[in-house]
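As structure tokens, the structure follows; a few thoughts come after it.
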There are 2 protein chains.
Amino acid sequence: MKLTSKGRYAVMALADLAKFNSTNPVSLRDISLRQGISLDFLEQIFLQLKKHEIVISIRGTNGGYILNKEPVDIKIANILNAVDEEVKTVQCKKESKKSCNGKTAKCITHNLWDELQNHINDFFENKNLRDLIVNNPESRI
Amino acid sequence: MKLTSKGRYAVMALADLAKFNSTNPVSLRDISLRQGISLDFLEQIFLQLKKHEIVISIRGTNGGYILNKEPVDIKIANILNAVDEEVKTVQCKKESKKSCNGKTAKCITHNLWDELQNHINDFFENKNLRDLIVNNPESRI
DNA sequence: ATATACTTGACTATTTTAGTCAAGTATAGA
DNA sequence: TCTATACTTGACTAAAATAGTCAAGTATAT
């Protein structure tokens, strides 16, 4: 799980999409203008979101993207994994699993980082797009 | 709060120090050899740890470093803040605080990232050096 | 037809990371 | 006092990651 601007933009774009989702596809151009994200960068991001079946693209005039699932079924973890595919934490890579038993300073921090990683994962596993929208009473879903 | 190798090395080095803390100062050379961290890099790290009063340096032959407090009083958050001083999260910088009310996709993710940041901070605020050591029964404190 | 919109891959400036290098200063013990 | 050991400080840098840009398409609705 990496936490980058790319991931944040993906969540932003999908939150935007969830709000304007009702009937029509939403064009990246609109999202770009509303959220202030470069169109080219959005295309890169939505390519990944489409590959991971989070959105569906609709081509042609008045085309755009729509969500492939209900907002409640799209976990934030899914989104972040889609655009920043490699799960990379700062951790000791030299130890093999079996030799790493938490008995050296190296492996003590290894365990600490793993534990943090789990906390972060849980956090994003337990949040979905709908959670983000409903915290925002003025919005229309 | 940044999570880098530098921060992890700092925690590793202090865990090592806590284990060999009993009577004598521990030289960076020893830590370097035991933990496989470059001596030059350790010096950079310990300069910061000293400035933040986490360790005390003892010069001269058989000198080295000792902890400035009991392990239980050294929070992991203190360590990470000492070596990676800038608190930097991926977040929206364009909004002023007052205009950011969680009503746009931008600010929705802003809130999400802030919430995560708090989770991570809590995690490290509630762990201290002693916690790391006591999970390691074979070690001597 | 053709404008609109999505697709794909290559490319890159900037910043960050994870150190290295050099030239010191201070102190303990012989 | 001498000098080996250890800490101090600041400048420098190769490599990787980040955050995009650019170019040249292809597909489809109207």
Side-chain angles (χ1 to χ4, degrees), chain A residues 1-13 17 24-33 35-66 68 80 83-94, chain B residues 1-13 17 24-33 35-66 68 80 83-94:
Chain A
M1 181 84 70
K2 282 200 295 188
L3 301 175
T4 65
S5 288
K6 195 171 179 179
R8 205 175 81 85
Y9 286 164
V11 177
M12 274 168 61
L17 197 53
N24 305 313
V26 178
S27 72
L28 291 191
R29 187 154 196 287
D30 287 351
I31 297 177
S32 168
L33 292 174
Q35 305 299 332
I37 306 170
S38 136
L39 180 57
D40 284 312
F41 202 27
L42 274 178
E43 280 169 355
Q44 210 181 101
I45 290 168
F46 272 75
L47 179 61
Q48 296 298 321
L49 294 177
K50 193 184 161 190
K51 276 185 188 164
H52 285 78
E53 304 183 341
I54 293 170
V55 297
I56 292 172
S57 72
I58 293 167
R59 290 173 163 246
T61 310
N62 296 322
Y65 286 94
I66 57 173
N68 190 27
L80 298 179
V83 299
D84 284 321
E85 59 274 352
E86 50 183 323
V87 174
K88 200 187 114 195
T89 330
V90 184
Q91 59 181 232
C92 40
K93 290 160 195 159
K94 285 170 194 166
Chain B
M1 181 82 71
K2 283 199 295 188
L3 301 175
T4 65
S5 288
K6 194 171 180 178
R8 205 175 80 84
Y9 286 164
V11 177
M12 275 168 61
L17 196 51
N24 305 315
V26 179
S27 71
L28 293 191
R29 187 154 197 286
D30 287 350
I31 297 177
S32 167
L33 291 173
Q35 305 300 332
I37 306 170
S38 136
L39 180 57
D40 284 313
F41 202 27
L42 274 179
E43 280 169 356
Q44 210 179 103
I45 290 168
F46 272 75
L47 180 61
Q48 297 298 319
L49 294 176
K50 193 185 160 191
K51 277 185 188 164
H52 284 79
E53 303 183 340
I54 293 170
V55 296
I56 292 171
S57 73
I58 293 167
R59 288 172 165 245
T61 311
N62 295 321
Y65 286 94
I66 56 172
N68 190 27
L80 298 180
V83 299
D84 284 322
E85 59 274 349
E86 50 185 323
V87 174
K88 201 186 113 194
T89 330
V90 183
Q91 61 183 232
C92 39
K93 289 158 197 161
K94 285 169 193 166

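Letters A, B, ... are given to chains in the order of the sequence lines, protein chains preceding strands, and every chain is numbered from 1.
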Exercise. Under 4.0 angstrom, heavy atoms only, what part of the nucleic acid is A:Y9 near: base, sugar-phosphate, or nothing?
Worked result: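 Sugar-phosphate, no base atom in range.
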Could you state the atom-to-atom distance from [atom1] of [X] to [atom2] of [N] in whole Å?
X	N	atom1	atom2	answer
B:I56	D:dC7	CD1	P	14 Å
A:I45	C:dG9	CD1	C1'	17 Å
B:Y65	D:dT5	OH	P	18 Å
A:L47	C:dA10	CG	P	13 Å
B:Q48	C:dG19	CD	C1'	15 Å
B:I66	D:dA6	CD1	P	16 Å
B:K51	D:dT8	NZ	C1'	10 Å
B:R29	D:dA4	CZ	P	15 Å

For this session: Output all residues satisfying side-chain hydrogen bond (donor to acceptor under 3.5 Å, both in side chains) with A:S57, sequence neighbours left out; order by chain, then residue number.
Result: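 Partners of A:S57 under the side-chain hydrogen bond (donor to acceptor under 3.5 Å, both in side chains) test: A:K50.
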Taking only N and O in the side chain of [X], is any of them less than 4.0 Å away from OP1 or OP2 of [N]?
X	N	answer
B:K50	D:dT8	yes
A:S5	D:dA19	yes
A:S57	C:dT7	yes

Nearest heavy-atom neighbours spanning [X] and [Y]:
X	Y	value
A:S38	A:S32	C-OG, 4.2 Å
A:A10	A:V83	CB-CG1, 3.8 Å
B:P25	B:G63	CB-C, 3.9 Å

Problem set entry | Those residues that, when tested against B:I56, pass side chain to side chain contact (heavy atoms under 4.5 Å, CB included) (two or more places apart) |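 Applying side chain to side chain contact (heavy atoms under 4.5 Å, CB included) to B:I56 gives B:I66, B:N68.
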Problem set entry | Nearest-nucleotide 5' precedence on DNA chain C, A:F46 against A:T61 |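 Going by which nucleotide is closer to the 5' end, it is A:T61.
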Give every pair of a protein N or O atom and an N or O atom of nucleotides 20-24 of chain C that lie under 3.5 Å apart, one pair per line with the distance.
| unit_1 | atom_1 | unit_2 | atom_2 | d |
| --- | --- | --- | --- | --- |
| C:dT20 | OP2 | B:S38 | OG | 2.3 |
| C:dT20 | O4 | B:Q44 | NE2 | 3.1 |

Would you be so kind as to tabulate the donor-acceptor pairs closer than 3.5 Å made by side chains of residues 39-47 of chain B, with sequence neighbours excluded?
| unit_1 | atom_1 | unit_2 | atom_2 | d |
| --- | --- | --- | --- | --- |
| B:Q44 | OE1 | B:K6 | NZ | 3.4 |

Exercise. Which distance, rounded to the nearest 0.5 Å, do you find between the CG of B:L33 and the OG of B:S27?
Worked result: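 Between atom CG of B:L33 and atom OG of B:S27 there are 8.0 Å.
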